[in-house]
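Only one structure is covered here, and it is reproduced in the block below.
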Amino acid sequence: MFCRNCGKELSKEAEFCIHCGVKAYKGNKFCNICGAETYPEAEICVKCGARLKKIGEEVSDKSRLAASLFAFFLGHLGIHRFYIGKIGTGLVMLILGIIGWSTVWFFGVGLLFIIPVEIWALIDFILIIAGNMKDKEGKIIKNW
């Protein structure tokens, strides 16, 4: 692994470059796989063909398995959103879910709340399973 900022070789566990002090994937001057110089806008290295890791592609420490289980079983209450740190949208889902389930007996009025929340939870579940969901810090949830 190479520093994207200075091009010096790093250990696999390194979070920061010991040569320039920058976070491991910050910068856009060098390939993180072979250390070759790259153009700032490049998405792949022309020397080795590796996809260049961008600054926003950091991986979250949240579990994809836990998030997917929360979304599948408790998605209508937004528990998966609380787990990944998105408290605001988690509260919206929780409130809509509670209103929906508590008013569903009243001529089905609650379905106006339940159906959109269930669709939202299903979309979140698909995004989590596909590995495209991000936590509150914008880090992608990849690790099972």
Side-chain angles (χ1 to χ4, degrees), residues 1-7 10-18 20-36 38-144:
M1 181 167 91
F2 292 85
C3 176
R4 296 268 345 254
N5 187 56
C6 69
L10 303 173
S11 67
K12 288 190 179 208
E13 300 83 29
E15 290 184 38
F16 293 91
C17 176
I18 60 172
C20 67
V22 175
K23 274 189 128 179
Y25 292 109
K26 292 272 185 180
N28 57 6
K29 298 176 190 172
F30 297 92
C31 174
N32 52 294
I33 303 298
C34 70
T38 61
Y39 291 107
E41 297 84 20
E43 293 189 27
I44 62 166
C45 175
V46 294
K47 182 178 178 188
C48 69
R51 179 166 295 282
L52 300 172
K53 290 196 176 183
K54 301 291 182 189
I55 294 170
E57 290 185 8
E58 295 180 41
V59 177
S60 175
D61 60 345
K62 299 294 183 186
S63 166
R64 200 158 116 195
L65 176 63
S68 62
L69 290 174
F70 285 142
F72 186 79
F73 291 108
L74 300 170
H76 60 280
L77 298 176
I79 304 303
H80 63 289
R81 291 221 163 230
F82 286 105
Y83 173 71
I84 63 175
K86 296 183 176 183
I87 307 299
T89 53
L91 280 173
V92 171
M93 290 183 86
L94 179 64
I95 291 167
L96 290 176
I98 290 173
I99 291 172
W101 286 109
S102 61
T103 60
V104 74
W105 59 271
F106 189 68
F107 300 108
V109 171
L111 292 176
L112 296 173
F113 297 97
I114 294 172
I115 292 172
V117 171
E118 290 292 341
I119 292 170
W120 187 1
L122 176 64
I123 292 169
D124 280 353
F125 175 73
I126 292 168
L127 286 173
I128 293 167
I129 293 295
N132 293 328
M133 188 73 150
K134 294 182 179 180
D135 66 8
K136 70 173 182 176
E137 297 169 354
K139 294 179 180 178
I140 200 147
I141 302 170
K142 284 275 189 195
N143 300 327
W144 286 98

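Only a predicted model underlies this, so the values are computations on that prediction, with no experimental measurement involved. Positions are given from 1 along the sequence.
Contacts of Glu137 classified as salt bridge (Lys or Arg N to Asp or Glu O under 4.0 Å), with partners at least two apart in sequence or in another chain: Lys139. Taking the side chain to side chain contact (heavy atoms under 4.5 Å, CB included) definition, one finds that Ile33 meets it with Cys31, Cys48, Ala50, sequence neighbours left out. By the side chain to side chain contact (heavy atoms under 4.5 Å, CB included) test, Ile129 pairs with Ser68, Phe125, Trp144, sequence neighbours left out. Residues that satisfy the side chain to side chain contact (heavy atoms under 4.5 Å, CB included) test with Leu96, not counting sequence neighbours, are Val92, Phe113, Val117. For Asn143, the side chain to side chain contact (heavy atoms under 4.5 Å, CB included) criterion is met by Val59, not counting sequence neighbours.
With rounding to the nearest 0.5 angstrom, the CG atom of Leu69 is 9.5 Å from the CD1 atom of Ile128. A distance of 3.5 Å separates CG in Asp124 from NE2 in His80, rounded to the nearest 0.5 Å. The CZ atom of Phe82 sits 10.0 Å away from the CE atom of Met93 when rounded to the nearest 0.5 Å.
Identified under the side chain to side chain donor-acceptor pair (under 3.5 Å) test for residues 82-111, with sequence neighbours left out: Arg81-Thr89. Legend: salt bridge (charged side-chain N to carboxylate O under 4.0 Å, His left out) pairs involving residues 96-113, not counting sequence neighbours: none detected. Residue pairs meeting the salt bridge (charged side-chain N to carboxylate O under 4.0 Å, His left out) criterion with at least one member in residues 90-116, sequence neighbours excluded, do not occur. Screening residues 95-114 for salt bridge (charged side-chain N to carboxylate O under 4.0 Å, His left out) gives no qualifying pairs among residues at least two apart or on separate chains. Pairs engaging residues 93-121 under the salt bridge (charged side-chain N to carboxylate O under 4.0 Å, His left out) rule: none recorded [sequence neighbours left out].
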Please set out all donor-acceptor pairs under 3.5 angstrom arising from side-chain atoms of residues 71-78, sequence neighbours excluded.
none

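Between Ile141 and Ile84, the closest heavy-atom pair is CD1-CG2, 3.3 Å.
Taking the side chain as every heavy atom from C-beta outward, Val46 and Thr38 never approach each other to under 4.5 Å.
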